[in-house]
Trainee: 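Below you'll find the structure I mean.
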2 protein chains.
Amino acid sequence: MPSLSETIQSGGLKGNLLATQCPSRQILKDVTSRWGVLVLIALQTGTLRFAELRRTVGGVSDRMLSQTLQTLEKDGFVSRFVYDVVPPHVEYSLTPMGREVTELVRALADWIEEATPGIMSKTAPAQTVEAAVTTSG
Amino acid sequence: MPSLSETIQSGGLKGNLLATQCPSRQILKDVTSRWGVLVLIALQTGTLRFAELRRTVGGVSDRMLSQTLQTLEKDGFVSRFVYDVVPPHVEYSLTPMGREVTELVRALADWIEEATPGIMSKTAPAQTVEAAVTTSG
DNA sequence: AATTATGCTTACGTTTTTGTATGTACTTAC
DNA sequence: GTAAGTACATACAAAAACGTAAGCATAATT
C-alpha cells in the first residue's frame with residue numbers, strides 16, 4: 001500500500017498535487033485552464049470543427065482556441081482528424097480518456113452554473129467570524 | 001422548464017458557461033485557479049491555520065495564499081475564524097457549500113493524479129489522424 | 001538580547017497568459 | 001471581380017498572475 005510520500009517522482013503509482021513538483025499539476029493546469037474547461041465541455045456533445053468550436057465557446061480567439069486544442073491533444077484528451085481537402089476541414093473530438101475527465105469537469109461546471117446565482121446575490125458579505133477571545137490586557 | 005438561452009443574464013435560473021459574459025465564469029476561475037484547487041483540497045481534511053496551509057500546499061507564497069483565501073471566502077467556500085490574540089491565530093475551514101464544490105474538485109484531482117503517469121509516459125505522440133481524402137488534383 | 005513564529009499587507013519586478021492584427025492558399029457564393 | 005469562409009501561424013502588445021523581499025506587533029524561546 002503506497003503512502004502519501006510515494007508520489008510519482010519517487011517512483012510510486014500516483015501523483016500528489018499538494019507536492020510542489022508533482023507532474024500532475026501541469027495536467028491539472030491544462031484541464032482547468034480558462035479555455036480548456038470550455039472546449040472539453042463543448043466537445044462533450046460531439047465532434048466539432050475549428051470554426052464550430054470558436055462559435056460554441058463564446059469569446060475564444062483563434063489563437064487561444066488553437067493553442068488550447070494543441071495542449072489537450074498532446075495530453076491525449078482530444079483527437080484531431082484532418083481531411084486533406086481545400087479549404088481545410090479538421091474535426092475535433094474527445095478521446096475515451098477525454099470523455100472521462102470531461103465528465104468530472106462537467107459535474108463541476110454544472111454545480112457552479114447552478115450555484116452562481118446564489119453566490120453572486122450576496123455582494124461579498126463579511127463571512128469572517130471574530131472570536132470573543134481576548135488576552136487579559 | 002428553462003431552455004439553454006435562459007441564462008442568468010436573461011433572468012433565468014442557472015448560468016451557461018459557454019456564453020461570453022456569464023458570471024459563472026468568474027466563479028469557475030476562482031475555484032479552478034492554480035492555488036484555489038489546492039487550498040480547497042487541503043482544507044477538505046479539516047480546519048487549518050494560515051501557516052499550516054502554507055506548509056500543506058507546496059509552493060504557495062504568503063501573498064498568493066492570502067489572496068486565494070480571500071477570494072474563496074468572498075465566494076462563500078471558505079470561512080475564516082479569527083481568535084483575537086497575539087500572536088495572531090486564524091483558522092480556515094470549508095463552508096457547507098465549500099465542501100460541496102471540493103468534493104467535485106477532489107474527484108477531478110483524484111482522476112488526474114491517477115492518470116498523469118500514463119499521460120506523461122507518452123512523450124506527446126502525434127495523435128493527429130490524417131485522412132486519405134484528397135481532391136481530384 | 002536576539003531569534004523565531006504568527007497572519008497578513010505593500011511595493012516592485014518578472015513571467016505567463018491573453019488579445020489583436022495580419023497573412024496564407026484556395027474555393028464558393030454573389 | 002469581390003467578399004467570405006476555412007484552419008491555422010506569427011509578431012507584437014497589453015493585461016493578469018505570480019514571486020520576492022520587507023515590514024508590523026507581540027509573545028515565547030534560546
Side-chain angles (χ1 to χ4, degrees), chain A residues 20-21 25-26 28-39 47-74 78-93 126 128-131 133-137, chain B residues 20-21 25-26 28-39 43 47-74 78-93 128-131 133-137:
Chain A
T20 306
Q21 344 109 316
R25 285 198 181 178
Q26 183 57 51
L28 211 219
K29 193 176 200 170
D30 296 343
V31 171
T32 63
S33 70
R34 175 166 184 191
W35 303 114
V37 177
L38 304 182
V39 166
T47 296
L48 287 176
R49 294 179 62 176
F50 190 88
E52 291 174 329
L53 268 168
R54 192 204 303 137
R55 283 179 229 117
T56 304
V57 178
V60 234
S61 62
D62 278 12
R63 204 179 87 90
M64 290 314 295
L65 180 54
S66 169
Q67 203 169 296
T68 301
L69 285 168
Q70 284 175 25
T71 299
L72 294 176
E73 190 193 351
K74 88 164 201 307
V78 164
S79 65
R80 208 171 97 109
F81 191 89
V82 27
Y83 291 86
D84 190 12
V85 295
V86 64
H89 183 139
V90 182
E91 294 186 346
Y92 293 91
S93 54
T128 293
V129 181
E130 290 192 43
V133 181
T134 316
T135 41
S136 55
Chain B
T20 307
Q21 346 108 316
R25 286 197 181 178
Q26 183 56 52
L28 212 219
K29 194 176 199 171
D30 295 345
V31 171
T32 64
S33 71
R34 175 166 184 193
W35 302 114
V37 177
L38 304 181
V39 166
L43 288 176
T47 295
L48 288 177
R49 296 179 62 177
F50 190 87
E52 291 172 330
L53 267 169
R54 192 204 304 138
R55 282 178 228 118
T56 304
V57 179
V60 234
S61 62
D62 278 12
R63 204 179 86 93
M64 291 314 296
L65 180 54
S66 170
Q67 202 169 296
T68 301
L69 285 168
Q70 283 177 26
T71 299
L72 294 177
E73 190 193 350
K74 90 164 199 308
V78 163
S79 66
R80 207 171 98 108
F81 191 89
V82 27
Y83 292 87
D84 189 15
V85 296
V86 64
H89 182 140
V90 182
E91 294 186 345
Y92 292 92
S93 53
T128 294
V129 181
E130 290 192 44
V133 180
T134 317
T135 41
S136 55

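By convention in this document, chain letters (A, B, ...) are assigned in the order of the sequence lines, proteins followed by strands, and residues within each chain are numbered from 1.
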Trainee: Determine the contact category for B:Gln70: base if any of its heavy atoms lies under 4.0 Å from a base atom, sugar-phosphate if only primed atoms, P, OP1 or OP2 are that close, otherwise nothing.
Mentor: sugar-phosphate

Trainee: How far apart are the closest heavy atoms of B:Thr20 and B:Arg25, and which atoms are they?
Mentor: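 Nearest pair, atom of B:Thr20 first, then B:Arg25: O-NH1, 3.6 Å.
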
Trainee: Can you tell which of D:dA7, C:dG7, C:dT9 lies closest to the side chain of A:Phe50?
Mentor: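 So the side chain of A:Phe50 is nearest to D:dA7.
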
Trainee: Atom OG1 of A:Thr68 and atom CZ of A:Arg34: how far apart are they, to the nearest 0.5 Å?
Mentor: 10.0 Å

Trainee: Measure from OH on B:Tyr83 to C1' on C:dC8 and round the result to the nearest Å.
Mentor: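 For the pair B:Tyr83 OH and C:dC8 C1', the rounded distance is 18 Å.
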
Trainee: Rounded to whole angstroms, how far apart are CG on B:Leu69 and P on C:dC8?
Mentor: 8 Å

Trainee: Between D:dC18 atom C1' and A:Arg25 atom CZ, what is the distance in whole Å?
Mentor: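 Taking CZ of A:Arg25 and C1' of D:dC18, I get 14 Å after rounding.
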
Trainee: Rounding to an integer number of Å, can you tell me how far B:Leu65 CG sits from D:dC18 P?
Mentor: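 Rounded to the whole Å, the gap is 13 Å.
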
Trainee: Considering just the side-chain nitrogens and oxygens of B:Ser66, establish if one lies under 4.0 Å of OP1 or OP2 belonging to C:dT9.
Mentor: yes

Trainee: What protein N or O atoms touch nucleotides 28-30 of chain D N or O atoms at under 3.5 angstrom, if any, and at what distances?
Mentor:
none

Trainee: Measure across A:Val57 and A:Val60 and return the closest heavy-atom pair with its distance rounded to 0.1 Å.
Mentor: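 Reported closest heavy-atom pair: O-CG2, 2.8 Å.
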
Trainee: Could you encode protein contacts along nucleotides 17-30 of chain C as a string, one character per nucleotide from 5' to 3', using B for base contact, S for sugar-phosphate-only contact and - for no contact, with a heavy-atom cut-off of under 4.0 Å?
Mentor: SBBB-----SS---

Trainee: Would the distance check show the side chain of B:Glu73 and the main-chain N or O of B:Gln70 forming a donor-acceptor pair, the cut-off being under 3.5 Å?
Mentor: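 No: the side chain of B:Glu73 does not pair with the backbone of B:Gln70.
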
Trainee: Starting at atom CZ of A:Arg54, determine the distance to atom P of D:dG5, rounded to an integer number of angstrom.
Mentor: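 A:Arg54 atom CZ is separated from D:dG5 atom P by 10 Å.
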
Trainee: Nearest heavy-atom pair of A:Arg49 and A:Tyr92: which atoms, and what distance?
Mentor: C-CD1, 4.5 Å

Trainee: Under 3.5 Å, side chain of B:Gln67 to main-chain N/O of B:Met64, donor-acceptor pair present?
Mentor: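 Between the backbone of B:Met64 and the side chain of B:Gln67 there is no qualifying donor-acceptor contact (under 3.5 Å).
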
Trainee: Do the side chain of B:Ser66 and the main chain of B:Arg63 share a donor and acceptor less than 3.5 angstrom apart?
Mentor: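 Pair absent, no side-chain N/O of B:Ser66 close to backbone of B:Arg63.
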
Trainee: Determine the minimum heavy-atom distance between A:Asp30 and A:Leu72, stating which atoms define it.
Mentor: O-CD2, 4.1 Å

Trainee: Report the distance from atom NE2 of B:His89 to atom C1' of D:dT26, rounded to the nearest whole Å.
Mentor: 16 Å

Trainee: Measuring to OP1 and OP2 of D:dC8, would you say a side-chain N or O of A:Arg49 lies under 4.0 angstrom away?
Mentor: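 So the side chain of A:Arg49 is outside the cut-off, no N or O lying under 4.0 Å from OP1 or OP2 of D:dC8.
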
Trainee: List in chain and number order the residues that pass salt bridge (charged side-chain N to carboxylate O under 4.0 Å, His left out) with B:Arg54, two or more places apart in sequence or in another chain; answer none if no residue qualifies.
Mentor: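 Partners of B:Arg54 by the salt bridge (charged side-chain N to carboxylate O under 4.0 Å, His left out) criterion, ordered by chain and then number, come out as B:Asp62.
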
